[in-house]
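Below: one structure, written as structure tokens.
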Protein chains: 2
Amino acid sequence: MTRRPPRPRERGIPEATVARLPLYLRALQALDERGTPTVSSEELASVAGVNSAKLRKDLSHLGSYGTRGVGYDVEYLIYQISRELGLTQDWSVAIVGVGNLGRALANYGGFGTRGFRIAALLDADPAVVGDAVAGLRVGHIDSLEEVVAREHVSIGVIATPAAAAQGVCDRFVGAGVTSVLNFAPVVLNVPDGVDVRKVDLSIELQILAFHEQRKADGRGGPEWIEALEA
Amino acid sequence: MTRRPPRPRERGIPEATVARLPLYLRALQALDERGTPTVSSEELASVAGVNSAKLRKDLSHLGSYGTRGVGYDVEYLIYQISRELGLTQDWSVAIVGVGNLGRALANYGGFGTRGFRIAALLDADPAVVGDAVAGLRVGHIDSLEEVVAREHVSIGVIATPAAAAQGVCDRFVGAGVTSVLNFAPVVLNVPDGVDVRKVDLSIELQILAFHEQRKADGRGGPEWIEALEA
DNA sequence: ACGCCCTTGTGAATGTATGCACAAAGTGGG
DNA sequence: CCCACTTTGTGCATACATTCACAAGGGCGT
């Protein structure tokens, strides 16, 4: 294992890198809309709010898509990152739980523009079923399996109250969904091969509270270094 | 610097640990409500969805609050984690942007129960200002500085469209807020000493899409190890 | 009072991520 | 055609995180 053939990426992109690719993608799209044809790692890093060395190492995991002395071609890099993230194909998403959060998700513009199609909105509450939200009719949760099959849903979004989340998750998994995005404040149990990501509003606040307290404690303390995450 | 006095925690809890403490806290509260008096690291880890060695190391950063041979006292540990996170004091939160997301946040029960008080809801849209949401009257964005001072707001939540986010952030910072939770899909620029955490719906979906694609690509591929994050 | 069993707390090993600093590689001017 | 300048891509050092494996310590039965 000494020479690497001109094969671009070989499998195995670090998780930390994957988590930053969407950030780069967004920064690049902003540059593209402004008509910028090429960008250096320094500039792009600054827009994305990261260190330029990190950016270059991240991009190097996808392949050598830059030009030394020049930088990166914005459109080409957008394409490469999109492809790597799997955004060149369409993904069907089903959202379960049409409360305020579910509505916010359904109306969130960022989805449709990036290869995600909301295939269905489902809820258990008869008072909500039948409503029109974001141009879709809300269906009943009982049709989950049918909808997943018909619409080829591969990503399930859970925006229900905590108590209902595990049940919905089980039904998603049972119907063949292998990626779940969970907004309910519970730890979901899933079999191997199923990815779960969670977004938890109150956890983020608690982390902020911790740092905030540290800043206040520090009155009179010796050092004061504050780690920042952008 | 050789001997450590019996002082429990000395400053400097790893960031990764801090991010998990809220998870443990929630698991403990669930156990407490069920009347469980003590819990072993194995059990608690299982409920929280992490490895038990990791749990023990995390807790060891706070001090030695367990009893060998027995486990942890649930109530005592709840108190210790709460104190460490700064949840034994009250934090005032202001939410800017009262769209669907802002409403979802305002109505989210998990806040009030854990030391977070929603001090104000603000919006720029005259059609929304004056509405009652979650028992509060929506104020105008122009009163931001006044509200922050009067209510001692220390955490600002941004739930506005992307274009407005940086401006709101600047006003928060100018008013003295040093912790910001950002839901808008932009990278915020803040001076040193200000913490920003972001929650980005579309980034999470893109990460899922990446892994989903990998699973599909893998048809015929040799290995199949899937990293999971719960 | 003693010894067995259980579970914590932690040293050490491994794995992963970050950031510096520079050689390699491309551009453009003369 | 060559040289000076710019910017990438990466080897290396360091820092951070995870996991194993076990000694230290506490409870409980006899």
Side-chain angles (χ1 to χ4, degrees), chain A residues 1-21 23-24 28 36-74 76-77 80-81 225 227-230, chain B residues 2-4 6-21 23-24 28 36-46 48-74 76-77 80 225 227-230:
Chain A
M1 190 183 297
T2 50
R3 269 257 137 271
R4 180 170 312 160
R7 188 73 81 56
R9 78 221 135 99
E10 53 181 291
R11 359 221 94 206
I13 296 180
E15 192 57 30
T17 294
V18 172
R20 281 187 295 265
L21 289 180
L23 213 62
Y24 304 152
L28 285 164
T36 317
T38 65
V39 66
S40 71
S41 63
E42 201 74 50
E43 293 172 273
L44 182 53
S46 145
V47 176
V50 302
N51 174 306
S52 72
K54 181 148 64 180
L55 170 66
R56 287 198 299 279
K57 186 151 290 192
D58 281 344
L59 293 183
S60 78
H61 285 113
L62 316 191
S64 281
Y65 297 136
T67 308
R68 292 167 194 238
V70 176
Y72 301 89
D73 181 279
V74 172
Y76 185 56
L77 194 52
Q80 290 298 344
I81 295 181
I225 300 105
L228 231 303
E229 160 133 16
Chain B
T2 49
R3 269 256 136 270
R4 180 172 312 161
R7 190 72 83 53
R9 77 220 135 101
E10 55 182 289
R11 1 220 93 208
I13 295 179
E15 193 56 30
T17 294
V18 172
R20 281 187 295 264
L21 289 180
L23 214 63
Y24 303 153
L28 284 163
T36 317
T38 65
V39 66
S40 72
S41 64
E42 201 74 48
E43 293 172 274
L44 182 53
S46 146
V50 302
N51 174 306
S52 72
K54 181 149 62 181
L55 170 66
R56 286 199 300 277
K57 184 150 287 191
D58 282 344
L59 294 183
S60 79
H61 286 114
L62 315 191
S64 281
Y65 297 137
T67 308
R68 292 168 194 237
V70 176
Y72 301 89
D73 181 279
V74 171
Y76 185 55
L77 195 51
Q80 290 299 344
I225 299 104
L228 231 303
E229 160 133 15

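None of these values were measured; they are calculated from a predicted model. As a basis for the values below, the full set of heavy atoms in this structure was taken, side chains included, without hydrogen atoms, waters or symmetry mates. Naming: A, B, ... by sequence-line order, numbering from 1 per chain.
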Taking [atom1] from [X] and [atom2] from [N], how many angstroms apart are they, rounded to a whole number?
| X | N | atom1 | atom2 | value |
| --- | --- | --- | --- | --- |
| B:L44 | C:dT7 | CG | C1' | 13 Å |
| B:L62 | C:dG9 | CG | P | 10 Å |
| B:E43 | C:dT7 | CD | C1' | 11 Å |
| A:I13 | C:dA17 | CD1 | P | 12 Å |
| A:L55 | D:dT8 | CG | P | 8 Å |
| A:D58 | D:dG9 | CG | P | 12 Å |
| B:E42 | C:dG9 | CD | P | 14 Å |
| A:D73 | D:dT7 | CG | C1' | 15 Å |

Where at least one partner belongs to residues 56-66 of chain B, residue pairs that pass salt bridge (charged side-chain N to carboxylate O under 4.0 Å, His left out), sequence neighbours excluded
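For residues 56-66 of chain B: B:R20-B:D58.
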Quick check: do [X] and [Y] have side-chain heavy atoms less than 4.5 Å from each other?
| X | Y | result |
| --- | --- | --- |
| A:L28 | A:T36 | no |
| A:V74 | A:L44 | no |
| A:T17 | A:L59 | no |
| A:L55 | A:Y24 | yes |
| A:T67 | A:D73 | no |

Quantify the bending of the helix from C:dA1-D:dT30 to C:dG30-D:dC1 as the angle between its end axes, each fitted on five pairs, to 10°.
0°
Exercise: identify the closest heavy-atom pair between B:S52 and B:S41
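Result for this residue pair: CB-O, 3.9 Å.
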Which is more 5' along DNA chain C, the nucleotide nearest A:T17 or the one nearest B:S41? Just name the residue.
B:S41
Regarding A:E43 and A:S46, do their side chains bring together a donor and an acceptor under 3.5 Å, going by distance alone?
no
Per-nucleotide protein contact along nucleotides 19-28 of chain D, 5' to 3', at a 4.0 Å heavy-atom cut-off (B base, S sugar-phosphate only, - neither), is BBB--BBSS-
OP1 or OP2 of D:dG9 under 4.0 Å from side-chain N/O of A:Y72:
yes
Quick one: are the ring centres of A:Y76 and A:Y65 less than 6.0 Å apart?
yes
